[in-house]
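Values in this document were obtained by computation on a predicted structure and should not be read as measured data. Throughout, a chain's letter reflects where its sequence line sits, starting with A, and its residues are numbered from 1.
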Amino acid sequence: MKFSVTVTLKKDVLDPQGKVVQNSLLNLGMNLENIRQGKYFELEINEKDQVKAEKKIDDMCKKLLVNLIIEDYKVNKL
Amino acid sequence: MKSSVIVFPGSNCDRDIGVALEKMQFKNQMIWHKETKLPKSDLIVLPGGFSYGDYLRSGAIAGKSLIIDEVVKAANDGCLILGICNGFQILTETGLLKGTLLRNKNLKFINKDIQIKVINNKTKFSNKYKKNQVLKINIAHNEGNYFTDSKHLQDLKENNLIAFKYCDRKGSVNDQSNPNGSLENIAGIYNSNKNILGMMPHPERMVDELISNTDGINLFSSLLN
């Protein structure tokens, strides 16, 4: 079973990389309100039960992939 | 006093701290991260560097390595733990210290001598310093921008757990003397028992007049006190 995990900085956490990318887009003449940079993972696990699989992925996120102090995450089945 | 320096793939300040500890008469051992047993130590040091190439997040992978379980156990038994630079990042990833280190506000790797102020001089790590003493010390990091939630920040202030703050030559703590955007200019913090110190500046680089200064010596002599 394949899942994607998207990790983004929490709303209140400053994202300097996002700010620089935003400035660069503005310089290119493209207008935008806001941009937040994040991380994307694709995970494949050997598990047929979706509920169990999602629980395992959630565990992986909490234990390693995500720093819960500063980041939020979303899991999607692919 | 016995010390152990944990070495990860990508550590690059491990030998510097080893030399500094030996100069200060510690009986030091270098411990590879794949070890599962720690020799009995009074002090464990997590050195600076770029463990695992800073993959995922600085310190994230090292924070889950085999030896870390032993470090956490020792820390909970009251062993003194010092995390410098990447070592500080590893300590936050293990949860031994709260908060985290974000990318520097200016997005640049900063390597320079700056000033820090001793905020709490009543710990095992700092008793040889004077309160508010200004030290000239080197920083070399890309993720040194300390961040934590407001509840923990309150706890740090109320319980005197802020070890050092970035300041200018005169000791003023303000935005101009903050090199990396760190919350309230924080350069180093203690855990609630004050047996764990995490700091971004490098005291091990300041133990020899020939190559720098000796402002870092008192951190090690405090430990021996």
Output the distance between atom CG (A:Leu9) and atom CZ (B:Phe147), rounded to the nearest 0.5 Å. 9.5 Å
Take atom CG in A:Asn46; do more than 12 heavy atoms of anything else shown fall under 6.0 Å from it? no
Which region of B:Asn106, side chain (C-beta onward) or backbone (N, CA, C, O), has a non-hydrogen atom less than 4.5 Å from a non-hydrogen atom of chain A, or is it both or neither? neither
For atom OH of B:Tyr55, is the number of surrounding heavy atoms from other residues, nucleotides or ligands below 6.0 Å larger than 12? no
For atom NZ of B:Lys131, decide whether the heavy atoms of other residues, nucleotides or ligands shown that lie under 6.0 angstrom number more than 12. yes
Quick check on A:Ile70 against chain B: is it the side chain, the backbone, both or neither that has a heavy atom closer than 4.5 Å? side chain
Between A:Asp15, A:Leu14, A:Asn67, who has the most heavy-atom pairs with chain B when the cutoff is under 4.5 Å? A:Asn67
For atom NZ of A:Lys10, decide whether the heavy atoms of other residues, nucleotides or ligands shown that lie under 6.0 angstrom number more than 12. yes
Greater than 12 external heavy atoms within 6.0 Å of B:Lys98's NZ: no
Taking every non-hydrogen atom, the tightest pair across B:Ala60 and A:Leu64: O-CD1, 3.8 Å
Checking B:Lys105 against chain A: side chain, backbone, both or neither under 4.5 Å from a heavy atom? both
A:Lys39 side chain to B:Leu56 backbone, donor-acceptor under 3.5 Å: yes
So for atom NZ, which belongs to B:Lys194, do other residues, nucleotides or ligands contribute more than 12 heavy atoms lying within a distance under 6.0 Å? yes
4.5 Å side-chain heavy-atom contact, A:Ile69 and B:Asp149: no
Looking at NZ of A:Lys63 and NZ of B:Lys64, how far apart are the two atoms once the value is rounded to the nearest 0.5 Å? 9.0 Å
